[in-house]
Protein chains: 2
Amino acid sequence: MTVKAPEETRLSILKAAFEEIHKIGFRGASLNHIVENAGISKGALFHHFADKQALGYAVVDELIFPEFKRKFVEPMETGNPIDRIKEILHKQFEMCCGDPEMMEKGCPLNNLAQEMSFTDSGFRERINDIYEIWRHALSKAFERGIQNNQIKSTQNPEEIGAFIVATFAGLIGASKCACDTDLTKQITNQLINYLESLKL
Amino acid sequence: MTVKAPEETRLSILKAAFEEIHKIGFRGASLNHIVENAGISKGALFHHFADKQALGYAVVDELIFPEFKRKFVEPMETGNPIDRIKEILHKQFEMCCGDPEMMEKGCPLNNLAQEMSFTDSGFRERINDIYEIWRHALSKAFERGIQNNQIKSTQNPEEIGAFIVATFAGLIGASKCACDTDLTKQITNQLINYLESLKL
DNA sequence: CAATATACATACCGGTCGGTATGTGTCAAG
DNA sequence: CTTGACACATACCGACCGGTATGTATATTG
């Protein structure tokens, strides 16, 4: 039996790194802050991760991606796509209202995408892969909706998926900058408006 | 007559700062790089700007805001709002295709919004003011459209404005991350789809 | 029981950061 | 002709950055 499980240490570093990156971005994130908040030493950090970049990639792969999948991708696998998206929007809105800081910090994935895409293709590709998975899941869901006579057959499922992902990112981003749940509500209303227009 | 006009120096600093911030963000931006690219000294920079923050604010106020106003706000002041937005989207798409790096760097305003909003309220308020001006211009344009029997009177102009601003930011952000003009086209198509659904 | 590998902690490193102190040439005002 | 304000340039500062070298306790293996 080990005195301390290394996987626990690794996870505590990942979680502290996620928080730091979520708050002040990857570039601004200080490894000193991270080891401090994780309650471990710098030696431990560099034992588990080759460098800051590898830590950042691991945060995306091992924390952000699974959570994103659980919240946004998996719900699209069954049922009426429009209803599912409405549920996602509703949960998101409730979370914004319940925890204003969550709104102000924005979407961890979109934050990283906008900050790092241009200068670090490793981040860009990882993040784009995640968005692509969501776009694909949405596309498949709307294809299903068309087959089930829930969605107008004249619509292009792929385009719809791309549009929803972009608009959702825009919604979270606008809320973050405005710090205003009224604005969030307005945008959400119009997104629902758009979704309704796709109904058969 | 002065040997060199101070306003020219100031402007060259602002332009170099804008480029640096656009490429690697405000936090990542190095004042050393900026003075180097501006072809001046650090003394000149700190003669014209109190600190890095003041320089960043000046970039928003004096470079980004006027350009944003010219490209997005002023076109909304006359004519059919839907046509105007289509023109903006068309220009944006052409620019993405013509200069891929422009697409990869993303929107300077949205980049700053996502990077700085949470930790610097000065940035957040400035940027939100600019977006608010666009939202208001869009709202007024759609009000006008309703009065001119171009837009369905059942629609809420304010909500439409908020939605378009959010979706546009999402569009640019998605393009930046995906580096794919096909995706840009898909999202643009659906945004136009949405706009058409507002027509009377 | 000795040897080795793992999982850290501590102390430290060169480099870059934002920012400052000080010197200097220019020019308008008195 | 002097003075002082302006518009810089140069040299430098402490703080913090990401990263490393080294030491050590523990667990595993032969």
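Naming convention: chains lettered A, B, ... in sequence-line order (proteins, then strands); numbering from 1 in each chain.
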Give every pair of a protein N or O atom and an N or O atom of nucleotides 17-24 of chain D that lie under 3.5 Å apart, one pair per line with the distance.
| from | atom 1 | to | atom 2 | distance (Å) |
| --- | --- | --- | --- | --- |
| D:dC17 | OP1 | A:Ser30 | OG | 3.0 |
| D:dC17 | OP2 | A:Asn32 | ND2 | 2.8 |
| D:dG18 | OP1 | A:Ala29 | O | 2.8 |
| D:dG18 | OP1 | A:Lys52 | NZ | 3.0 |
| D:dG18 | OP2 | A:Leu31 | N | 2.9 |
| D:dG18 | N7 | A:Lys42 | NZ | 3.1 |
| D:dG19 | OP2 | A:Lys52 | N | 2.8 |
| D:dG19 | N7 | A:Lys42 | NZ | 3.3 |
| D:dG19 | O6 | A:Lys42 | NZ | 3.0 |

Hits for side chain to side chain donor-acceptor pair (under 3.5 Å) against A:Gln186, two or more places apart or cross-chain, chain-then-number order -> B:Glu158

Between C1' on C:dA9 and CG on A:Leu45, what's the gap in Å once rounded to a whole number?
13 Å

For A:Phe118, is the NZ or CZ atom of B:Lys23 found under 6.0 angstrom from the centre of its six-membered ring and inside 45 degrees of the ring axis?
no

According to side chain to side chain contact (heavy atoms under 4.5 Å, CB included), who are the partners of A:Ile172, at least two apart in sequence or on a separate chain?
A:Gln92, A:Cys107, A:Phe168

Taking only residues two or more places apart in sequence or in another chain, which ones pass side chain to side chain contact (heavy atoms under 4.5 Å, CB included) with A:Arg27?
A:Glu115, A:Met116, A:Thr119, B:Ile24

Would you tell me if any nitrogen or oxygen in the side chain of B:Thr9 comes within less than 4.0 Å of OP1 or OP2 on D:dA7?
no

Review item, side-chain donor-acceptor pairs of residues 31-41 of chain A, under 3.5 Å, at least two apart:
| from | atom 1 | to | atom 2 | distance (Å) |
| --- | --- | --- | --- | --- |
| A:Asn32 | OD1 | A:Lys42 | NZ | 2.8 |
| A:His33 | ND1 | A:Glu20 | OE2 | 3.1 |
| A:Asn37 | ND2 | A:His33 | O | 3.4 |
| A:Ser41 | OG | A:Gly43 | N | 3.4 |
| A:Ser41 | OG | A:Ala44 | N | 3.3 |

Establish, with yes or no, whether the OP1 or OP2 oxygen of C:dT6 is under 4.0 angstrom from a side-chain nitrogen or oxygen of A:His47.
no

For B:His48 and C:dG19, give me the distance from atom NE2 to atom P, rounded to whole Å.
17 Å

Applying side chain to side chain donor-acceptor pair (under 3.5 Å), name anything that partners B:Glu62, two or more places apart in sequence or on another chain.
B:Arg10

